[in-house]
Amino acid sequence: MSLQNDLTQKVIEAVKQLYQVELPTVEFQPTRKDFEGDITVVVFPMLRQIKGNPVQIGTKIGEYLVENVDEVLKCNVVQGFLNIVITDSYYLNFFNNIFEEANFGYVKSQSNDAVMVEYSSPNTNKPLHLGHIRNNLLGYSVAEILKASGKKVYKTQIINDRGIHICKSMLAWQRFGEGETPESSGLKGDHLVGKYYVAFDKAYKEQIAESVESGTPKEKAEKEAPILLEAQEMLRKWEAGDDEVVALWKKMNGWVYDGFDTTYKNLGVDFDTLYYESDTYLLGRDVVKDGLERGVFFKKEDGSVWIDLTDEGLDEKIVLRSDGTAVYMTQDIGTAIQRVTDYPDINGMVYTVGNEQDYHFKVLFLILKKLGYSWAEQLYHLSYGMVDLPSGKMKSREGTVVDADDLIKNMEDTAESISQELGKLDGYSEEEKKELYRTIGLGALKYYILKVDPKKRILFNPEESVDFQGNTGPFIQYTYARIQSILRKADFDVSTALDMTMDLHEKEKELLKQIQLFPETVQLAAENFSPALIANYTYDLVKEFNSFYQQVSILGETDEQKRNFRIQLSQKVGEVIQSAFRLLGIDVPERM
RNA sequence: GGUCGCGUAGCUCAGCUGGAUAGAGCAUCUGCCUUCUAAGCAGACGGUCGAAGGUUCGAAUCCUUCCGCGAUCACCA
C-alpha cells in the first residue's frame, strides 16, 4: 500500500476522532522546497465539514499523525498546509523493496484486452519527412508506454499504396526515368520515387502554364492537362487490374518499402502488423449497406449514402458515393472492423494522425458507436500539431521539406562534432564511436520532439537545430553514462545489506522520492497518451541526480555502508533512466 | 461564418482533474575542473500566465465574452 493511501486513512481516522466528521477524501501535494517536509496535506477543503481555524485543525491532525503513524517523524503547519516529514527508514525500506525489482515501474501484462496503435501510415509516392518523424516517435512511444502500463499492444500502420498520387510517380518514371532503379542511381528507393513525383508536378505545371498562355482558363487547364489525364487513365487501368500497370506499381512500391524500412530502422521504430490500402479500400461497403437497413444511415435521391450527425452538433457526412464506391470514411470503417476481426482481443485503438483530421476521427468514432461496436468506446485519436518551418508549411511537391533521412544524418554529424570537441572517447573503436553518435544524435532529436505536448505545433528551425545541453536527450544520456562510469569503477562487492537506521542525506531522500514517482508517472502517461510526461519526469530525476552527484561523494565515501548505498542508489537511478528512455524509444550510452 | 486546438520570461517549453512567493532549459552575466565524466553544478537577471468579466476562502488552471494564430467544414485521401 502506498504511503499516500496509508496517510489518507490515518487523516480520515484523525478527523473522525478529533471532530466526529467523516472526510470523503484528503488532498495531498508534494511539499514545496522552501518548507520542511516531504508531503503536505491541504487543510482548506476540510473547512467545508469542520468549522474552525485551519492552522489549529492542521496542528491537531499533525499531532495525531506523529503519534499514530510510524512513518511520520514530525509535522509543521504553515497557513492551511500541514507539512509532514517522513522518516528516513520509510525511504530506506522502500528502496530495499524495489532494489532487486528488474523492471521497476512497468506493470506486467495482466488484461486480455489488447490495444492496436496505428502510426506512420505514409503515402508511397515520397520519402518520409519531419512530420512523419513526429508521428512515428509519438505512436511508437505511446505504444511502448501502453505496454509498460500493462496493456497488450499491436503496432500497425496502414500504407497508402493506392490512388492517383502513386500513379503520378509511375507515369513520370515511365516518361523520364529511362529505366533508372535504386541500384543504378544509388538513390534510396523512396527518394527515387519521390524524385519522379516532383518531376510529374513540374511537367504538370509546365503544361498548365502553356495552355493558359494559349488562352485556356486556368481552372480548365488544371483539369485537362494531358499528363494528369494520363495519370487518371493509369489509375483506371490499375483498378481494372491491367498487368503492365500493376507490375510497375508493384516494382515502384517495392522500392519505396525498402527505403521506408531503412528509415524505420534508423529511427528505431517497428510494427507488428501492416495493412495496405490496396487491400482495404473496398472494405466497409457491406457494413454501410447493413447500417442502411438498420437505419443508421440514409440514402439520398441520387443514391449516395449519408449519416446525419446534426444531433451531435456535426453535419451530415457522406459514407458511400452515388456510384456505390467507397470514400475515405467508408474505408476507415471497414478497416477498423477488419482489425478486430483479425485480432479478436482488440478492445481499443489509437490512431496517430495529424490534427487536420480531428473532424474525420470524431465522425468515424461516432459512426462506429452508432453501429453498435462495443470497442468503439475505446478509440482514441492521438492528434498532434503540424511541424512547420520558419518559411511556413512543409510541401513535398515544392521541395520545402525536412527529409527524415537527412535530418537523422544531420543529428548524428552534430553529435560527432560535439563529441570530438570534448574528446572523451579514448579507446573507443571507430565502430563504437559511430554507434555512439547515432545514439546521441537520435536521442537529441527524439527527446526534442517528444518532450512537448503533442497538441502543440512545432516550429522547427533547421538552422538552429536541436540543443545538446539543458533539458535535452543528450543531457540525460550523459547522466546515465556518468552513472555507468561509477558502476564500472565500483569493482568491489556492494551487495551489503542496507542499514535501515542510516541517516539519509537530503539529496538521497530527494532522489528516492523521485524514483518513487516513476510507476505512477508511467500510468499517468498511459492514461493521457503522453510521452511528454515521461520526458519531463526523467528530466527531473536526472537534475536531482546531478545535484546529488555534485554535492556528495559516492566512491569517495569512507563509511562503507553509506558508500555502498550510494552506489546502489546510483545504479537504480540509471535503471530508471534507461526504463524511462526505453518508453521514448531512446537508447542510453555506456560512455560519452 | 460554424466547429476544434493553441496563446505562460527575449526564445523553446513545464505547470492546466483549482491551493503556499508561477517553474525549467536556451540566451546574457558570476562563481566551481591536481578529488566519482564541466554535454555538469551553484547563483544572478528575466513574468500584467493574450484581454476583460464571473465562480471560489483561493484561479495560469473552471465558466462567459472578446482578441491573435492554426486546423477543419469535398461524392480528395
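Predicted model only: the values in this text are computed from it and were never measured. Values below: all heavy atoms of this structure, side chains included; hydrogens, waters and symmetry mates excluded. Below, chains carry the letters A, B, ... as their sequence lines are ordered, and counting in each starts from 1.
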For A/P45, which contact category applies under a 4.0 Å heavy-atom criterion: base, sugar-phosphate, or nothing? base
First of A/N536 and A/A481 reached from the 5' end of RNA chain B, by closest nucleotide: A/N536
Can you see which heavy atom on A/S419 is nearest to which on A/I440, and at what distance? OG-CD1, 4.1 Å
Measuring from the side chain of A/R488 (C-beta onward, heavy atoms only), which nucleotide among B/U37, B/G5, B/A77 has the closest atom? B/U37
Short side-chain N/O contact to B/U37 OP1/OP2 from A/K489, under 4.0 Å: yes
Between the side chains of A/E510 and A/K33, is the shortest nitrogen-to-carboxylate-oxygen separation below 4.0 Å, so that they form an ion pair? yes
Can you check whether A/F475 stacks with the B/G40 base, using ring centres under 5.5 Å and planes within 30°? no
Ranking B/G19, B/C4, B/C36 by distance to the side chain of A/V42, first place goes to B/G19
Over 60° means perpendicular and under 30° means parallel, so classify the ring planes of A/Y380 and A/F529, tilted if in between. parallel
From B/U37, B/C73, B/G70, pick the nucleotide closest to the side chain of A/D315? B/C73
Quick one: label A/F44 by what it contacts on the DNA or RNA (base, sugar-phosphate, nothing), any heavy atom closer than 4.0 Å. base
Charged N-O contact under 4.0 Å between A/E412 and A/K434: no
Figure out the OH/C1' separation between A/Y549 and B/C36, and round it to whole Å. 4 Å
So what does A/V466 touch, heavy atoms closer than 4.0 Å: a base, only the sugar-phosphate, or nothing? nothing
Measure CG/A/N471 against P/B/G15 and give the value in whole Å, please. 12 Å
Stacked pair A/F81-B/A20, distance under 5.5 Å, angle under 30°: yes
Check every atom of B/C41, B/C69, B/G58 against the side chain of A/R48 and return the nucleotide holding the closest atom. B/G58
B/C33 glycosidic conformation (syn if within 90° of 0, otherwise anti) is syn
Select base, sugar-phosphate, or nothing to describe what A/F468 touches, counting heavy atoms under 4.0 Å on all strands. base
From CD of A/Q29 across to P of B/U61 the rounded distance in Å is 17 Å
Measure CG/A/N83 against P/B/G19 and give the value in whole Å, please. 16 Å
Can you find a donor-acceptor pair, distance only, under 3.5 Å between A/N546 side chain and B/A38 base? no
Regarding the side chain of A/N160, the nearest nucleotide among B/U72, B/A77, B/U37 is B/A77
Under 4.0 Å between a Lys/Arg side-chain N and an Asp/Glu carboxylate O for A/E316 and A/K300? yes
Determine, for A/E239 against A/R162, whether the closest basic-nitrogen to carboxylate-oxygen distance falls under 4.0 angstrom. yes
Correct closest heavy-atom pair for A/F468 and A/P474 would be CD2-CG, 3.4 Å
Strictly below 4.0 Å, N to O, side chains only: are A/K562 and A/E557 in salt-bridge contact? no
From the list B/A38, B/A77, B/C26, which nucleotide is the closest neighbour of the side chain of A/D467? B/C26
Regarding A/I486, tell me which of base, sugar-phosphate or nothing describes its non-hydrogen contacts under 4.0 Å with the strands shown. sugar-phosphate
When every non-hydrogen atom of A/T439 is compared with those of A/Q477, the smallest separation belongs to O-NE2, 3.1 Å
According to a strict under-4.0 Å criterion, is A/R563 in side-chain N/O contact with OP1 or OP2 of B/C36? no
Using a 4.0 Å heavy-atom cut-off, does A/S570 contact any base of the nucleic acid, only the sugar-phosphate backbone, or nothing at all? nothing
Out of B/U3, B/C36, B/A77, which nucleotide sits closest to the side chain of A/Q357? B/A77
What's the closest nucleotide to the side chain of A/V452 if the choices are B/A14, B/C73, B/U37? B/A14
Taking the C1' atom in each of B/G18 and B/C62, what is the distance between them to the nearest angstrom? 7 Å
Spacing between A/D540 atom CG and B/C13 atom P, to the nearest angstrom: 18 Å
Parallel, tilted or perpendicular: which one describes the rings of A/Y328 and A/H360, with boundaries at 30° and 60°? parallel
Measure across A/Y447 and A/I586 and return the closest heavy-atom pair with its distance rounded to 0.1 Å. N-CD1, 3.8 Å
Here the residues of residues 435-442 of chain A within 4.0 Å heavy-atom distance, strictly under, of RNA chain B are A/I440
Of A/K543 and A/R457, the one whose nearest nucleotide on RNA chain B sits closer to the 5' end is A/K543
To the nearest angstrom, how far is A/D453 atom CG from B/C6 atom C1'? 9 Å
OP1 or OP2 of B/A42 sitting under 4.0 Å from any side-chain N/O of A/S547? yes
How is A/Y448 classified with respect to the nucleic acid when contacts are heavy atoms under 4.0 Å: base, sugar-phosphate, or nothing? nothing
Among the nucleotides B/C36, B/G25, B/A20, whichever has the atom closest to the side chain of A/F35 is B/A20
Tell me what A/D34 touches on the nucleic acid: a base, only sugar-phosphate, or nothing, going by heavy atoms under 4.0 Å. base
With sugar-phosphate meaning primed atoms plus P, OP1 and OP2, does A/E356 contact a base, only sugar-phosphate, or nothing at under 4.0 Å between heavy atoms? sugar-phosphate
Here RNA chain B, pairs taken as Watson-Crick or G-U under 3.5 Å and shown with ( ), [ ] when crossing and | when to another strand, reads (((((((..((((.....[...)))).(((((.......))))).....(((((..]....))))))))))))....
Please state how far atom CD in A/E27 lies from atom C1' in B/U56, giving the value in whole angstrom units. 14 Å
Check every atom of B/C26, B/C36, B/C6 against the side chain of A/K456 and return the nucleotide holding the closest atom. B/C6
Closest non-hydrogen atoms of A/P531 and A/L584, given as atom of the first, atom of the second and distance, are O-CD2, 3.6 Å
Under 4.0 Å, counting only non-hydrogen atoms across every strand here, what does A/M386 touch: a base, just sugar-phosphate, or nothing? nothing
Distance criterion of 3.5 Å, no angle test: do you see the side chain of A/T40 paired donor-to-acceptor with the base of B/A20? yes
Please state whether the rings of A/F200 and A/Y204 are parallel, tilted or perpendicular, taking 30° and 60° as the class boundaries. parallel
Base, sugar-phosphate or nothing for A/Q477? Non-hydrogen atoms, less than 4.0 Å. nothing
For a quick check of understanding: with a heavy-atom distance under 4.0 Å over all strands, which category does A/R32 fall into, base, sugar-phosphate or nothing? base
